[in-house]
Protein chains: 2
Amino acid sequence: MDMIKEISCAPVSRRESRRLDRREIILNVAAQSFLEQGYASTTMSSIAAALGGSKGTLWSHFPSKEALFEAVIDRATAAYRAKLSEILDTRGDFSTTLKRVCAGIMEKILSPEAVSLYRLVVAEAGRFPEMGRIFYNRGPRRTWELLAEFLSSAMNDGIIRRADPLDAARFLVSLCMADCHQQLLMGMIQSAPPEAVERDIDRAIAVFMNTFAADAARLDG
Amino acid sequence: MDMIKEISCAPVSRRESRRLDRREIILNVAAQSFLEQGYASTTMSSIAAALGGSKGTLWSHFPSKEALFEAVIDRATAAYRAKLSEILDTRGDFSTTLKRVCAGIMEKILSPEAVSLYRLVVAEAGRFPEMGRIFYNRGPRRTWELLAEFLSSAMNDGIIRRADPLDAARFLVSLCMADCHQQLLMGMIQSAPPEAVERDIDRAIAVFMNTFAADAARLDG
DNA sequence: AGAAAAGCGTACCATATGGTATGGATATGA
DNA sequence: TCATATCCATACCATATGGTACGCTTTTCT
């Protein structure tokens, strides 16, 4: 009887499962509030109210507002990372794949949730140093690593010149984020028009290929 | 008697001058608080306390927290713009000047105040739509325009290929902001080490020249 | 069936918030 | 000199905050 308990690390007991469900719901509600209101403007009371539940329950799951916030950021970045891994589909020739990958990255990065998350991180990074680190490692870093893997194989195939794949990936991503993303962040636009995104992608790839094509001039020694 | 009053638009009366001084002090204190605490976490009471003055005085100058905030952003962006105009000194040959100009822009952009302001704008742009517009027009836009002016003359001299100067300027600035600025925003570093800034500049210029040098390949039609 | 866990509802706490009102001190302008 | 503009200090307001406490019901485990 005890054996069954021990061999399963996932929650078996129904109680535990229900509790995790509740926790999940709390995190959803809290995430929504934090992402669209910011940290300071989000109140525990309003979260409890939105839950339909009581404050006691809230505090039984998270001992403080700060702990809740950290859990939310943790989960949001994890979700972000999960969405990213869907992107890398390297079927087809290089330039087709490159464009598809860029489009995938752009779509994730420009999504309202990602923009809200980015805003929140930038806003609170000064006050919550760990948060910036978590986001950085799970967000941008993962994106670069995924891209770098793809670019690395292209380097091996001699399609683009050999260089640090991670540097190349960072370069490409920063090129993609130069226009629409900036304007979204500063509220100049509410959503990125597809044609503008397309233009960003094309420009980014053009500059990237101009820099990294196999026959391109070396930039540094 | 009325004439004297009318011909001078600057504050003549000592009362008025004192009042403006007080207003200036309020704006300084408020700016500091908003920039390092964010909007929601900054309290009017704490500002009044830091002033040494009373709340009555505060509210006699600004009818609400929101009004104070707008005035602060207005002034901060104006100050930012003033600092920018110091940058453009086009003596010397093109590449020397280009590097100096980039270094100047980087120095402004990476300064703690500029980073705080950028953070605040990004954080609150969703809630204060006008603020993003003000910042955008007085900050990035001015920077681009200054740079564009310089690049435009370089185009006329045939040093770089003819293109939309504003586009080229935006491109160069976005290249400069790709690394250190990002890391500062996300709290990965507390200040940008000079050698990293130097590296950012060199990379940006290399890519820029690779793209815009007179003999570079056209990127788009 | 009965113990325990989890959640709910609500009342409560000290504190702080944005904002108002008032009365007095001080400097300024006519 | 004298009215007035400005400021300061303080007390105050309704409301809201993060967080605690407690008694009650429902669900789960044994």
Side-chain angles (χ1 to χ4, degrees), chain A residues 1-8 10-30 33-34 37-72 124 127-128, chain B residues 1-8 10-30 33-34 37-72 124 127-128:
Chain A
M1 319 157 171
D2 274 336
M3 284 179 59
I4 296 178
K5 242 194 218 159
E6 284 168 5
I7 57 171
S8 60
V12 271
S13 85
R14 219 136 125 193
R15 256 214 270 272
E16 229 170 315
S17 153
R18 303 264 295 182
R19 187 162 171 78
L20 287 182
D21 282 356
R22 205 81 188 99
R23 186 191 155 96
E24 205 60 19
I25 294 174
I26 293 177
L27 283 175
N28 279 334
V29 172
S33 185
F34 279 127
Q37 311 278 347
Y39 178 78
S41 293
T42 291
T43 72
M44 293 293 268
S45 302
S46 78
I47 291 176
L51 274 174
S54 78
K55 300 176 100 183
T57 306
L58 221 193
W59 263 271
S60 86
H61 281 271
F62 303 95
S64 70
K65 183 182 182 181
E66 206 167 316
L68 213 205
F69 181 65
E70 278 171 17
V72 164
E124 308 293 346
R127 259 111 36 199
F128 294 86
Chain B
M1 324 163 169
D2 274 336
M3 283 180 61
I4 295 178
K5 244 191 216 158
E6 284 168 6
I7 57 172
S8 60
V12 273
S13 84
R14 221 139 124 190
R15 256 215 270 271
E16 229 170 315
S17 151
R18 303 262 298 183
R19 187 163 171 79
L20 286 183
D21 282 356
R22 205 82 187 102
R23 186 190 155 96
E24 204 62 16
I25 294 174
I26 293 176
L27 283 174
N28 279 334
V29 171
S33 186
F34 278 127
Q37 313 277 348
Y39 178 78
S41 293
T42 291
T43 72
M44 294 294 267
S45 301
S46 78
I47 291 176
L51 274 174
S54 78
K55 301 176 99 183
T57 305
L58 221 193
W59 262 271
S60 86
H61 280 271
F62 302 96
S64 70
K65 184 183 182 181
E66 206 167 315
L68 214 203
F69 181 66
E70 278 171 17
V72 163
E124 308 293 345
R127 261 115 29 204
F128 295 85

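Below, each value reflects all heavy atoms present in this structure, side chains not excepted, and no hydrogens, waters or symmetry copies. No experiment lies behind these values; they were computed from the predicted model shown. Letters A, B, ... are given to chains in the order of the sequence lines, protein chains preceding strands, and every chain is numbered from 1.
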Enumerate the protein-to-nucleotides 18-25 of chain C contacts in which both atoms are nitrogen or oxygen and the separation is below 3.5 Å.
| residue | atom | partner | partner atom | Å |
| --- | --- | --- | --- | --- |
| C/dG18 | OP1 | B/T42 | O | 3.3 |
| C/dG18 | OP1 | B/M44 | N | 3.4 |
| C/dG18 | OP1 | B/K65 | NZ | 3.3 |
| C/dG18 | OP2 | B/M44 | N | 2.9 |
| C/dG19 | OP2 | B/K65 | N | 3.0 |
| C/dG19 | N7 | B/K55 | NZ | 3.0 |
| C/dG19 | O6 | B/K55 | NZ | 2.4 |

Response to the item:
Taken to the nearest whole Å, CG/B/L20 to P/D/dA5 is 16 Å
Worksheet item: Hey, does the Lys NZ or Arg CZ of B/K65 hover above the aromatic six-ring of B/Y39, less than 6.0 Å from the centre and inside 45° of the axis?
Response: yes
Worksheet item: Whole Å only: how far is the CZ atom of B/R22 from the P atom of D/dT6?
Response: 13 Å
Discussion item. Taking the side chain as everything from C-beta on, heavy atoms only, tell me whether A/S13 gets closer than 4.5 Å to A/R19.
Written reply: no
Discussion item. For a 4.5 angstrom cut-off between non-hydrogen side-chain atoms, does A/E24 reach A/D21?
Written reply: no
Discussion item. What is the distance, to the nearest angstrom, from the CD atom on A/E16 to the P atom on C/dA4?
Written reply: 18 Å
Worksheet, complete the sentence: the helix from C/dA1-D/dT30 to C/dA30-D/dT1: angle between terminal helix axes, five bp per end, to the nearest 10 degrees, reads 20°
Worksheet item: Under 3.5 Å, side chain of A/T42 to main-chain N/O of A/S33, donor-acceptor pair present?
Response: yes
Worksheet item: Rounded to whole angstroms, how far apart are CG on A/D21 and P on D/dT28?
Response: 11 Å
Discussion item. D/dT28, OP1 or OP2 - any side-chain N/O from A/R18 closer than 4.0 Å?
Written reply: yes
Practice prompt. Nearest whole angstrom, please: distance from the P of D/dT20 to the CG of A/L58.
Written response: 12 Å
Item to complete: Would you indicate whether the side-chain heavy atoms of B/R23 and B/L27 approach each other to under 4.5 Å?
Response: yes
Worksheet item: Given side chains that start at C-beta, do those of A/F69 and A/E124 come closer than 4.5 Å, heavy atoms only?
Response: yes
Practice prompt. Would you indicate whether the side-chain heavy atoms of A/T57 and A/L51 approach each other to under 4.5 Å?
Written response: no
Discussion item. Using only atom types and a distance under 3.5 Å, with no angle test, would you say the side chain of A/K55 pairs donor to acceptor with the backbone of A/M44?
Written reply: no
Discussion item. How many whole angstroms separate atom CZ of B/R15 from atom C1' of C/dT28?
Written reply: 4 Å
Item to complete: Tell me which nucleotide among C/dA6, D/dC7, C/dC8 gets nearest to the side chain of B/R19.
Response: D/dC7
Discussion item. Whole angstroms only, please: what is the CZ-C1' distance between A/F62 and D/dT20?
Written reply: 19 Å
Worksheet, complete the sentence: The ring pair (Phe, Tyr, Trp, His ring centres under 6.0 Å) partners of B/F62 (sequence neighbours excluded) come to none
Discussion item. Without decimals, in angstroms, what is the distance between A/H61 NE2 and D/dG19 C1'?
Written reply: 17 Å
